[in-house]
**Q** 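Following this message is one structure expressed as structure tokens.
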Amino acid sequence: MAGGSGTRLWPLSRAGYPKQFLILSGNTSLFQQAADRLATLGAEDIAVSAPLVVGNEEHRFMVLDQLREQHMSPSAVLQGGTDPVLVVAPADQTVTQADAFTTAVQTAIRQAQDGAIVILGITPDRPETGYGYIRGQADGNGLRVEAFVEKPDADTAQRYLDEGSYFWNSGMFVLRASTWIKALQRFRPDIEAATRASFDGRSADGAFVRPAKDAFAQVPSESIDYAVMEHCPGSEFPLRMVPLDAGWNDLGAWEAVWQVAPKDDDGNASRGDAIIADSRNTLVHATSRLVSAVGLDNIVVVETPDAVLVADRSKSQDVKKIVNSLTASQRGEHNLHRKVHRPWGWYDSIDMGERFQVKRIMVKPGASLSLQMHHHRAEHWIVVSGTAEVVNGDKTILLTENQSTYIPLGQVHRLSNPGKVPLEIIEVQSGSYLGEDDIVRYQDTYGRN
């Protein structure tokens with residue numbers, strides 16, 4: 001499941017580039033780590049298929065690119081009469097003990113093969129108030145789920161930890177596809193019917209399957225826990241739990257990022273070009289420049305090229321209030337970074353002023369932008385590296401390093417990379433209006449006409 005927006009990790013996570021695609025620990029993104037973990041679940045009695053990724057349409061090319069980096073391909077829609085066991089896992093979690101994770105999930109798979117719905121319950125190591133809890137009861141076959149519990153206050157969380165029968169809800173479920181459909185039909189037939197109608201009206205585009213948009217909008221927006229899982233105890237659907245003690249964290253806020261990060265003797269954690277002095281239990285995350293901190297205690301500092309966050313670590317869950325404020329004031333910082341990823345590559349708006357804007361553009365090998373035209377701006381392109389194929393009106397030319405061309409206002413044009421290495425150019429826009437919506441697409445490889 002890779003569709004979240006990760007607002008509590010702003011400004012690093014944006015709606016257009018959410019946290020599951022970011023590298024927050026290790027050398028790969030959270031999404032790539034999740035895909036790698038699931039790929040290791042095979043055993044003599046367990047065959048693992050390609051991952052089936054559910055995500056936001058505007059992130060679909062990020063999903064494809066990041067899977068390709070891991071030498072993976074996504075699965076198509078499950079159909080054709082098969083009834084596989086599904087391991088449903090969020091794409092924004094970390095696990096530090098891979099072997100323990102594999103063992104626990106394999107146990108859950110074997111239980112689910114017999115028709116049970118199985119939840120991975122995290123063995124708590126502190127009185128956490130930011131997670132929902134599950135109460136488990138031992139029986140002859142392991143643990144059965146007795147109840148789901150809302151996020152507790154500090155005293156209640158301590159009691160849960162002391163009692164030992166409460167586990168954090170990981171959001172990971174293991175069950176047969178047929179069991180899931182029957183449970184939906186039993187407890188929320190409205191969700192099942194709306195989802196089925198949306199799927200029946202689907203369209204396919206290469207590796208992507210799009211549910212029917214209008215029908216999908218009618219699917220009630222409700223969590224799995226509320227809609228189905230909380231109704232299972234005592235019903236015809238056995239709900240079981242497998243404890244998971246594998247260094248799990250859902251990285252739901254900057255406090256969680258600090259928890260899993262390597263720290264110095266004073267509890268400080270940093271990433272990027274950061275210098276910390278005379279500070280304790282502080283996180284500094286720098287992405288584009290030197291960030292220095294002196295005399296801080298339990299503070300989070302996150303720097304990006306267009307925004308900086310400074311917050312008390314204990315208030316890091318409230319970063320979403322900043323995002324809500326940005327959204328209400330219609331500021332773009334809630335949605336996109338200065339560097340914007342596109343199916344063909346990316347662009348970085350490195351400077352702008354009245355009637356001009358300068359962008360650094362990278363086009364992937366073999367990729368091309370749409371055949372397009374602008375009403376209000378002209379463009380100058382200078383090749384920095386690689387080879388550019390340029391459609392400029394009725395002419396097609398090749399440009400190499402240090403060569404340039406001019407696209408007049410109103411001219412139909414296209415930029416492509418015919419080479420084997422990334423193409424980088426500097427684009428200088430000039431005109432009366434420079435917004436991204438001043439674009440008329442005539443042809444587009446990515447379905448954006």
Side-chain angles (χ1 to χ4, degrees), residues 1-5 20 34 38 51-57 75-93 105 108-109 111-122 131-137 143-152 166-203 209-242 250 252:
M1 297 185 294
S5 58
Q20 57 266 30
L38 298 183
L52 175 64
V53 183
V54 180
N56 192 304
E57 182 178 17
S75 172
V77 174
L78 298 171
Q79 55 185 338
T82 61
D83 186 18
V85 172
L86 308 178
V87 178
V88 184
D92 57 357
Q93 302 178 344
V105 178
I109 291 170
Q111 293 185 13
Q113 288 174 342
D114 297 327
I117 299 175
V118 188
I119 300 174
L120 277 297
I122 307 302
Y131 298 148
Y133 284 70
I134 305 167
R135 188 171 75 244
Q137 179 64 48
L143 288 171
R144 71 173 184 272
V145 174
E146 289 196 327
F148 290 79
V149 183
E150 294 291 338
K151 297 175 182 178
Y166 288 84
F167 298 78
W168 295 336
N169 186 351
S170 70
M172 288 185 279
F173 304 89
V174 184
L175 72 175
R176 282 199 178 275
S178 60
T179 302
W180 178 237
I181 292 173
K182 291 174 184 176
L184 270 177
Q185 291 172 334
R186 167 71 170 81
F187 299 115
R188 288 300 300 268
D190 56 333
I191 292 179
E192 193 276 338
T195 304
R196 186 177 296 276
S198 177
F199 180 71
D200 288 345
R202 69 192 180 279
S203 61
V209 177
R210 295 182 178 86
K213 187 174 182 179
D214 292 341
F216 188 76
Q218 302 305 311
V219 178
S221 178
E222 191 163 340
S223 74
I224 291 174
D225 291 357
Y226 292 137
V228 176
M229 297 302 172
E230 292 186 0
H231 303 288
C232 287
S235 75
E236 67 271 31
F237 296 96
L239 188 58
R240 308 204 61 79
M241 181 172 62
V242 171
D250 77 340

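Since the structure is predicted, the reported quantities are computational estimates derived from the model, not experimental observations.
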**Q** So which heavy atom on G171 is nearest to which on P90, and how close?
**A** O-CD, 3.6 Å
**Q** Nearest 0.5 angstrom please: E150 CD to N169 CG, how far?
**A**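 E150 atom CD to N169 atom CG measures 10.5 Å (nearest 0.5 Å).
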**Q** Return the set of residues passing side chain to side chain contact (heavy atoms under 4.5 Å, CB included) with S170 (not counting sequence neighbours), or none when no residue passes.
**A**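 For S170 the side chain to side chain contact (heavy atoms under 4.5 Å, CB included) partners, ignoring immediate neighbours, are L120, I122, M172, W248.
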**Q** Using the side chain to side chain contact (heavy atoms under 4.5 Å, CB included) criterion, which residues pair with Q218? Sequence neighbours excluded.
**A**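 Q218 satisfies side chain to side chain contact (heavy atoms under 4.5 Å, CB included) with no residue once adjacent residues are dropped.
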**Q** Check whether any side-chain heavy atom of W168 lies under 4.5 Å from a side-chain heavy atom of Y133, and answer yes or no.
**A**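 A side-chain contact exists here, since the closest heavy-atom pair is under 4.5 Å.
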**Q** Report the C-alpha distance between R186 and E236 in whole Å, list the side-chain angles of each, state the deciding distance to 0.1 Å, and finish with yes or no for salt bridge (Lys or Arg N to Asp or Glu O under 4.0 Å).
**A** CA-CA 10 Å; R186 167 71 170 81; E236 67 271 31; 3.1 Å; yes
**Q** Is D214 atom CG crowded by more than 12 heavy atoms from other residues, nucleotides or ligands, each under 6.0 Å away?
**A**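 At most 12 heavy atoms, drawn from other residues, nucleotides or ligands, come within 6.0 Å of this atom.
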**Q** What heavy-atom pair brings A91 and A34 nearest, and what distance separates the two atoms?
**A** CA-CB, 4.1 Å
**Q** Sequence neighbours left out, what passes side chain to side chain donor-acceptor pair (under 3.5 Å) with E230? Give chain and number order.
**A** none
**Q** First locate atom CZ of R240, then atom CD of Q111, and finally report the distance between them rounded to the nearest 0.5 Å.
**A** 6.0 Å
**Q** Can you name the closest pair of heavy atoms from L52 and S75 and give their distance?
**A**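 What the structure gives for the nearest pair is CD1-O, 3.8 Å.
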**Q** Are any of the side-chain heavy atoms of L143 and F167 separated by less than 4.5 Å?
**A**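 Sidechains of F167 and L143: in contact.
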**Q** How far does OH of Y131 sit from CG of D250, to the nearest 0.5 angstrom?
**A**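 Interatomic distance, Y131 OH to D250 CG, rounded to 0.5 Å: 4.0 Å.
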**Q** Under the ring-ring contact (aromatic ring centres under 6.0 Å, His included) definition, can you give me all pairs with a residue in residues 209-235, not counting sequence neighbours?
**A** F187-H231
**Q** For the CD1 atom of I117 and the CG atom of L86, what is their distance to the nearest 0.5 Å?
**A** 11.0 Å
**Q** Quick check against the 3.5 Å criterion: does T82 have a side-chain atom that pairs as donor or acceptor with the backbone of P84?
**A**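 Not confirmed, T82 side chain does not pair with P84 backbone.
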**Q** Please round to the nearest 0.5 Å and tell me the distance separating atom CZ of R144 and atom CG of L239.
**A**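 The distance works out to 11.0 Å.
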**Q** Short question: side chain of S198, backbone of T195 - any donor-acceptor pair under 3.5 Å?
**A**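 Flag not set: sc S198 to bb T195 has no pair under 3.5 Å.
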**Q** Please determine if R196 forms a cation-pi arrangement with F199, meaning its NZ or CZ atom is less than 6.0 Å from the six-membered ring centre and no more than 45° off the ring axis.
**A** no
**Q** L175 pairs by side chain to side chain contact (heavy atoms under 4.5 Å, CB included) with which of I109, V88, V118?
**A**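 Of I109, V88, V118, side chain to side chain contact (heavy atoms under 4.5 Å, CB included) with L175 is met by V88 alone.
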**Q** Does the distance from a Lys or Arg side-chain N to an Asp or Glu carboxylate O, for R188 and E192, drop under 4.0 Å?
**A** no
**Q** Could I get the full list of side chain to side chain donor-acceptor pair (under 3.5 Å) partners for E57, not counting sequence neighbours?
**A** R210
**Q** Taking the side chain as C-beta and beyond, is there a heavy-atom pair between P51 and L38 under 4.5 Å?
**A** no
**Q** Mind checking side chain to side chain contact (heavy atoms under 4.5 Å, CB included) for I224 and listing every partner two or more places apart, or none if nothing turns up?
**A**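 For I224 the side chain to side chain contact (heavy atoms under 4.5 Å, CB included) partners, ignoring immediate neighbours, are F173, W180, M229.
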**Q** Does D83 use its side chain to pair, donor to acceptor, with the backbone of S178 at less than 3.5 Å?
**A**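 Yes.
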